[in-house]
4 protein chains.
Amino acid sequence: MNFRNDKAIYLQLADYFYENILTHSFKPDERIPSVRDLAIDTEVNPNTVMRTYKHLQDNNIIYNKRGIGYFVSDDAYKITHEMKKEEFINEQLPEFFKTLSYLNIKFSEIEQLYQNYLKSEKNENK
Amino acid sequence: MNFRNDKAIYLQLADYFYENILTHSFKPDERIPSVRDLAIDTEVNPNTVMRTYKHLQDNNIIYNKRGIGYFVSDDAYKITHEMKKEEFINEQLPEFFKTLSYLNIKFSEIEQLYQNYLKSEKNENK
Amino acid sequence: MNFRNDKAIYLQLADYFYENILTHSFKPDERIPSVRDLAIDTEVNPNTVMRTYKHLQDNNIIYNKRGIGYFVSDDAYKITHEMKKEEFINEQLPEFFKTLSYLNIKFSEIEQLYQNYLKSEKNENK
Amino acid sequence: MNFRNDKAIYLQLADYFYENILTHSFKPDERIPSVRDLAIDTEVNPNTVMRTYKHLQDNNIIYNKRGIGYFVSDDAYKITHEMKKEEFINEQLPEFFKTLSYLNIKFSEIEQLYQNYLKSEKNENK
DNA sequence: GTGGTCTAGACCACC
DNA sequence: GTGGTCTAGACCACA
């Protein structure tokens, strides 16, 4: 896994789970990798993975069975979706509109770029 | 001035200058507040303001006349615009599209929200 | 059986036996379930049940007849009662008083709640 | 500071803050010790203190000013009180009543012990 | 000076 | 095997 340098690794790991939950790749009650395994896979210190899992558990996105492992919670999708939507509406979107307006970018341009984005996404998943 | 806690204060101060430059509120060769004054106004450590000014100066957005003060450079608009546009295309936009897709938000919804945003902006500046 | 996640399962299983012994539901020389049966019943790893039984045996609350099973010891009630009373006096009670005091809860409120508790208990056992 | 061995140090540190907030020893917007200072005082690793502070911040009991330190939040008392009261009602109290009933302890005995406890507390604070 | 993150390595209880 | 906590020490950005 490649990590960017402008965001904490443990949060980038969390993002990975968010995305998989939002795309239904991780389903309720599905077990996620053990702390150690994910640490090895991602070449990251187990403490860092632990931090991600603790973060997700605090948000009720995963839960723990003692001595067995971590599992996706029933409300994982709902919680994640709400959280990300709120972030989007309150933070990302205003910033986005502000930028559009400051840079004098027409909305139609964005629409065009979005069509291209969707096409490229489609091809990637083929 | 209210600062968010998830971004360096000196960068939030820089954003303030970027916005004013992009909206032509700060014009070339116009003097900007002294470090001390801005520090008092914004209730921020002078070192932090200094850092903002150094940052802007490094990017040739302001220049310094020794013993007199800081001034908006001739190319301030051009440089700021290019910088922000690049940021928008390479960082903000991909992130934005990704979010749209993950959250299953239709583009038409965004368009509607943008119309509302423009209207509210208009009324604010009356 | 539902287990809480903040206490070792093997100790929660032990609590189950303590309660039954204190209420005389388990009598001296009565056979308790086999490790395997209890493991199936409670959906717990047999090792965990084994640990509970070992724990109880170490405290002379149950004893083992090789090849036959585990049985409640003669002193089970006495031992359990002493142990729990000591725990109550030295740990639970001081903690309880501390909380009362920090939360500004009047003792009379507790008394009232206790009356209600006793009533609900009574109805449950009808 | 002396730590017990049956509870995580970072949570015992948190308890210390809870108690001081509940007794109004820590007031809103009061600065609490820096991570390093508290680590030295308590002879604990800075990471452990950091963990306590993060825990408290997640619960909105303290907040952070970038580069300056941590401060008691306005709602610290309210949040702490609610949290502890809920814990008391849902966990400590039922357990307490259960024990009383199993051990055949009369409520009047407890009342007497509580009077003694209050007296000893009083003398300690003289 | 402040907090924040990360690594490396250890030890423990529990299943 | 699982997670959870802790230490020691390092490095960084920020005020």
So, OP1 or OP2 of [N]: does either fall under 4.0 Å of a side-chain N or O from [X]?
| X | N | answer |
| --- | --- | --- |
| Arg51(B) | dA15(F) | no |
| Thr48(D) | dT7(F) | yes |
| Tyr10(D) | dT5(F) | yes |

Atom pair distance, as rounded to whole Å: [atom1] in [X] and [atom2] in [N]:
| X | N | atom1 | atom2 | result |
| --- | --- | --- | --- | --- |
| Leu11(B) | dA15(F) | CG | C1' | 13 Å |
| Phe3(C) | dC14(E) | CZ | C1' | 14 Å |
| Ile9(A) | dC6(E) | CD1 | P | 5 Å |
| Lys54(C) | dA13(E) | NZ | C1' | 15 Å |
| Met50(A) | dA8(E) | CE | C1' | 17 Å |
| Asn5(A) | dC11(F) | CG | P | 15 Å |
| Leu56(D) | dG3(E) | CG | P | 13 Å |
| Asp6(A) | dT5(E) | CG | C1' | 14 Å |

With heavy atoms under 4.0 Å as the rule, sort [X] into base, sugar-phosphate or nothing.
| X | result |
| --- | --- |
| Tyr53(A) | nothing |
| Asn45(A) | base |
| Asn64(A) | sugar-phosphate |

Item checked: Upstream residue (5' side of DNA chain E) when Ile68(A) and Pro46(A) are each assigned their closest nucleotide ->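 Nearer the 5' end of the strand: Pro46(A).
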
Checklist line | Donor-acceptor pair under 3.5 Å, Arg36(A) side chain vs dG3(F) base | finding: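 Checked by distance alone, the answer is yes.
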
Notebook entry, point to check: Looking at dC6(E), does its base get a donor-acceptor pair with the side chain of Asn47(D) below 3.5 Å?
Noted result: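 Under the 3.5 Å cut-off, the side chain and the base do form a donor-acceptor pair.
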
Margin query: With a 4.0 Å cut-off on N to O distance, would you call Asp58(C) and Lys54(C) a salt bridge?
Written below: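 Yes, this pair counts.
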
Check: Where does the angle between the aromatic ring planes of Phe71(C) and Tyr63(C) fall among parallel (under 30°), tilted (30 to 60°) and perpendicular (over 60°)?
Finding: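 Rings of Phe71(C) and Tyr63(C): parallel, under 30°.
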
Next item on the list: Take the angle between the ring planes of Tyr16(C) and Phe26(C) and call it parallel below 30°, perpendicular above 60°, tilted in between.
Entry: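 If you compare the ring of Tyr16(C) with that of Phe26(C), the planes turn out perpendicular.
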
Next item on the list: With a 3.5 angstrom cut-off on both distances, give the Watson-Crick or G-U wobble partner of dG3(F), or none if there isn't one.
Entry: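 In the structure as shown, dG3(F) has dC12(E) as its Watson-Crick or wobble partner.
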
Margin query: I want to verify a distance call: between dG3(F), dC14(E), dA15(F), whose nearest atom is closest to the Tyr70(A) side chain?
Written below: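 Of all the options, the side chain of Tyr70(A) is nearest to dG3(F).
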
Check: Mapping Asp37(A) and Val44(B) to their closest nucleotides on DNA chain F, which lands nearer the 5' end?
Finding: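 Checking each residue's closest nucleotide, the 5'-ward one belongs to Asp37(A).
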
Check: Shortest non-hydrogen contact from Ile89(D) to Pro94(D)?
Finding: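 Where Ile89(D) meets Pro94(D) most closely, the heavy atoms are O-CD, 3.1 Å.
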
Check: Under 6.0 Å between the ring centres of Phe17(A) and Tyr53(A)?
Finding: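 Here the rings of Tyr53(A) and Phe17(A) have centres that are less than 6.0 Å from each other.
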
